[in-house]
Structure formats: structure tokens, C-alpha cells
Amino acid sequence: MIRSRHFISFTLHLAILAAWSAVCTVAQAAEIRLKPQAAAAASMVTLGDVSDVFSGDPAEADRLRAIELFPSPPQGRERFVRARELNDLLLLRGVSLAEHRLSGASQITVSGFGQAAPASAAAAASAAHSRRATARVAEAVKAYLMARVSSATPWEVDVLLPDTLVRPLVDPATDVQVAGGQAPWVGGQQFDLRLVTPDGPQQAAITAEVSIPASFVVAARSLPRGTLLRESDLQLCHVDSIQDQSNTICSLEQAVGKETTRSIPAGKLVTTDAIQSPVFVRRGEVVTVHAHAAGIRIRTQGRACEDGSEGALVSIESLATRETFFARVCGVGEVEVYARAVHIANPQPPARSR
């Protein structure tokens with residue numbers, strides 16, 4: 001009874017410690033809320049310049065605010081920083097956003113050191129114009145890639161746009177024409193823009209990051225268990241969010257000719273654990289056994305003790321002796337076994353009788 005009380009007390013103590021650890025972890029997690037516009041307070045822009053940091057641990061909040069990100073823009077100039085770029089900068093400085101939360105503006109307008117941040121209304125209008133111009137160029141690049149490369153590919157384009165192009169691009173009367181880029185058309189690409197504006201044509205080179213969502217094999221129709229897959233049973237689809245990609249299939253060749261181990265509804269992912277090589281030998285059926293030894297081939301019959309795909313090693317029972325042996329599946333209803341020849345080293349002649 002005393003031991004039981006001690007065990008309960010010890011268990012309760014551990015539970016309290018675990019709960020306290022979880023509370024401390026939550027308390028130390030910080031919210032990094034990005035500002036739409038900011039001004040550098042020194043020659044280096046810090047995280048505290050471009051965001052409001054909230055944390056239950058004041059020391060952790062101060063440490064995050066003091067992280068240096070990049071040099072301040074020259075006085076009178078601005079730099080546009082996207083949330084994705086800031087995420088990468090923090091990772092390079094050892095800050096894991098799995099432990100903190102990034103929120104707020106998707107793009108920050110950073111003014112140079114010694115320059116006041118723009119007024120709220122003007123900054124908001126400038127940021128809105130920048131987003132509109134960037135989105136317009138991204139759509140133009142997508143249209144260009146669909147016409148030039150593939151109309152069926154769901155291109156994703158992230159554009160780095162010079163500030164000088166924002167004003168003409170927000171004018172609906174401006175016509176946007178795209179050229180350039182090169183195979184394989186993904187990754188960092190250089191495109192040439194030609195803007196036909198009311199004030200005349202304008203040309204500029206831009207940088208864009210082009211990507212394509214991953215493609216995975218899905219069922220083109222409902223596939224019952226035991227279906228021998230053909231190319232018409234499958235199709236490639238682009239799927240944006242898959243938590244676990246370890247058992248997904250990325251090419252039709254990996255699945256064609258395989259057999260389903262369970263039913264797969266139409267439109268669902270075909271995974272490696274849902275298919276297998278076709279079963280050529282089934283448990284309980286009589287199979288042909290090809291035996292090879294020292295240049296001699298013998299064909300007999302046996303009973304399979306288990307299912308087996310091509311190349312698998314299965315247990316076979318002899319119909320004559322009931323003994324079991326292992327053989328490799330070589331075809332539908334066929335297995336083969338190789339026996340090594342026995343060699344007698346230095347045979348001695350029989351002794352002569354006297």
C-alpha cells in the first residue's frame with residue numbers, strides 16, 4: 001500500500017513537471033508580427049526594426065529584436081522585403097520558425113537609415129501598388145510560359161520587380177509583353193519585359209523564380225483490389241499539400257504492371273503500399289518445378305505453400321515425398337530451383353586384394 005502511494009505521488013510529480021515544461025515552452029514561443037513599413041534605426045536593419053516581437057520571455061524577445069538582417073538601404077532609397085525572404089534570413093541566423101510564429105504584412109517597405117518611415121496612408125498605397133504590379137507581371141509570365149512551353153503545367157511564378165516599373169504597371173492602359181527565359185524553365189529565370197505605355201514603350205529585365213508543384217500518380221478510375229494496372233488506369237496530378245511524401249509515386253512507369261493490394265477510389269493517390277508486383281504463384285495451387293543441376297534439367301510438380309510474385313523465394317511442398325524446399329518464382333504457376341553439383345576431391349583407387 002505504501003509503495004502504491006509512493007508510485008502515485010511519483011507519477012503525479014512527473015505529470016506536473018511535464019505540464020510545467022509545456023507551459024514554459026509556450027511562454028518562450030514568440031510572435032513576430034511584420035510591419036508593412038519600417039525605417040532602419042542603424043546601419044544594419046534588425047528584426048526589431050521590421051517587426052513587433054511578442055513573447056512571454058522578455059529576454060527571448062530582446063534577443064530576437066537584436067538579430068541583424070541586412071545592411072540599411074542608402075538614405076533616400078527603399079528596399080522591399082517579402083515575408084518569405086525574411087523567413088530565409090532568420091533560418092540562416094539559427095532562428096527556427098517552428099518554435100515561433102510569423103504574422104503580419106507579406107511585404108515590408110524598409111526606408112534607409114536616418115530617413116523617417118513613410119506616412120501610413122502613403123505607405124499603404126505604395127505597398128498596394130507594388131503588390132498589384134508584381135501580380136500583373138507574374139500573371140503575364142505565367143501566360144507566356146503556358147503559350148511557349150506547356151498550357152497544362154500549373155506554373156508558379158515569384159517576381160522580383162524593380163521599383164521603376166511599379167507606376168507604369170498599375171496603369172490599366174499599359175500593355176505587358178514577356179520574352180526570354182530558357183529551358184528547363186524552372187528555378188531562377190531572366191525575362192525581358194516590354195511595356196507599351198501611353199507615354200511610349202519601356203523595356204526592362206526582371207528576375208523570377210519559376211516552380212512547378214510536384215506531380216503524383218492518382219487513380220483515373222475506381223480500381224478494385226487485384227487490378228493489374230495499365231497506363232489508362234492512372235494519371236499524373238499536381239498536388240500542392242501532402243504531409244508525407246515517402247510512399248507517393250511520381251511516375252506512371254513505377255505503377256504500370258503492378259497489382260493493387262486494396263481498392264483505390266478514383267482521384268485518390270496511388271501509394272507504394274497499395275500496389276505490388278503481380279502474384280504469379282498462389283498458396284495451395286500446384287505449380288511446375290524446374291530443377292537445374294550439373295547441366296541436367298528436370299521438370300516436376302509441387303504445391304505452393306505461400307503466394308509469390310516474380311523473383312520471390314517461396315516454400316514448395318513435393319507432391320511425392322511431402323518434403324518442403326525453397327524455389328524462386330519464374331513465371332505464372334512456375335518456379336525454379338538450382339542444385340549445386342557434388343564434387344569429390346582426389347578420389348582414391350580401390351585397394352587391390354592380395
Side-chain angles (χ1 to χ4, degrees), residues 21-73 77-113 115-135 137-138 154-161 163 166 187-188 207-214 239-245:
S21 176
V23 169
C24 291
T25 301
V26 172
Q28 291 176 357
E31 178 183 359
I32 303 170
R33 189 177 302 167
L34 303 182
K35 304 174 183 177
Q37 58 274 333
S43 58
M44 290 293 293
V45 178
T46 65
L47 185 60
D49 293 334
V50 300
S51 69
D52 295 317
V53 181
F54 304 94
S55 175
D57 184 354
E60 176 68 7
D62 291 341
R63 185 187 72 82
L64 291 172
R65 292 189 190 102
I67 293 175
E68 295 182 341
L69 301 174
F70 48 83
S72 168
R77 300 289 299 274
E78 295 175 343
R79 175 174 174 175
F80 297 94
V81 183
R82 292 189 178 87
R84 182 186 299 179
E85 181 183 354
L86 186 63
N87 186 2
D88 295 340
L89 289 171
L90 291 175
L91 288 175
L92 289 173
R93 285 151 182 76
V95 179
S96 172
L97 291 182
E99 302 172 1
H100 306 293
R101 191 166 73 90
L102 198 66
S103 63
S106 59
Q107 180 172 284
I108 311 162
T109 304
V110 182
S111 304
F113 174 49
Q115 178 183 354
S120 298
S126 175
H129 288 167
S130 178
R131 287 193 298 270
R132 192 185 313 163
T134 301
V137 172
W155 302 99
E156 293 184 353
V157 179
D158 189 9
V159 176
L160 185 60
L161 196 65
D163 299 341
V166 173
T207 301
E209 185 72 24
V210 181
S211 60
I212 303 173
V239 183
D240 294 328
S241 57
I242 296 181
Q243 297 297 328
D244 182 13
Q245 299 184 8

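Keep in mind it's a predicted model, so treat the numbers as computed, not measured.
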Are Ser211 and Glu156 close enough that some pair of their side-chain heavy atoms sits under 4.5 Å apart?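 A side-chain contact under 4.5 Å exists here.
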Pairwise side-chain contact, Leu160 with Arg82, heavy-atom cut-off 4.5 Å (strictly under): yes
To the nearest 0.5 Å, what is the distance between [atom1] ([X]) and [atom2] ([Y])?
X: Arg65; Y: Glu60; atom1: CZ; atom2: CD; answer: 10.5 Å
X: Leu47; Y: Arg93; atom1: CG; atom2: CZ; answer: 10.0 Å
X: Leu161; Y: Phe80; atom1: CG; atom2: CZ; answer: 9.5 Å
X: Ile108; Y: Leu69; atom1: CD1; atom2: CG; answer: 8.5 Å
X: Leu102; Y: Arg33; atom1: CG; atom2: CZ; answer: 11.5 Å
X: Lys35; Y: Thr109; atom1: NZ; atom2: OG1; answer: 13.0 Å

For the side-chain contact (heavy atoms from CB on, under 4.5 Å) test, which of Ser103, Ser106, Ser51 pairs with Leu34? Ser51
Looking at every heavy atom in both [X] and [Y], which two are closest together, and how far apart are they?
X: Ala30; Y: Leu64; answer: CB-CD1, 3.6 Å
X: Gln107; Y: Ser130; answer: NE2-OG, 3.2 Å
X: Ser72; Y: Ser111; answer: OG-O, 4.4 Å

Test item: Asp49 side-chain N/O and Thr46 main-chain N/O as donor-acceptor pair under 3.5 Å: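 Looks like yes, one N/O pair under 3.5 Å.
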Table please: side-chain donor-acceptor pairs of residues 83-91 below 3.5 Å, with sequence neighbours left out.
unit_1 : atom_1 : unit_2 : atom_2 : d
Arg84  : NH1    : Asp158 : OD2    : 3.2
Glu85  : OE2    : Arg79  : NH2    : 2.7

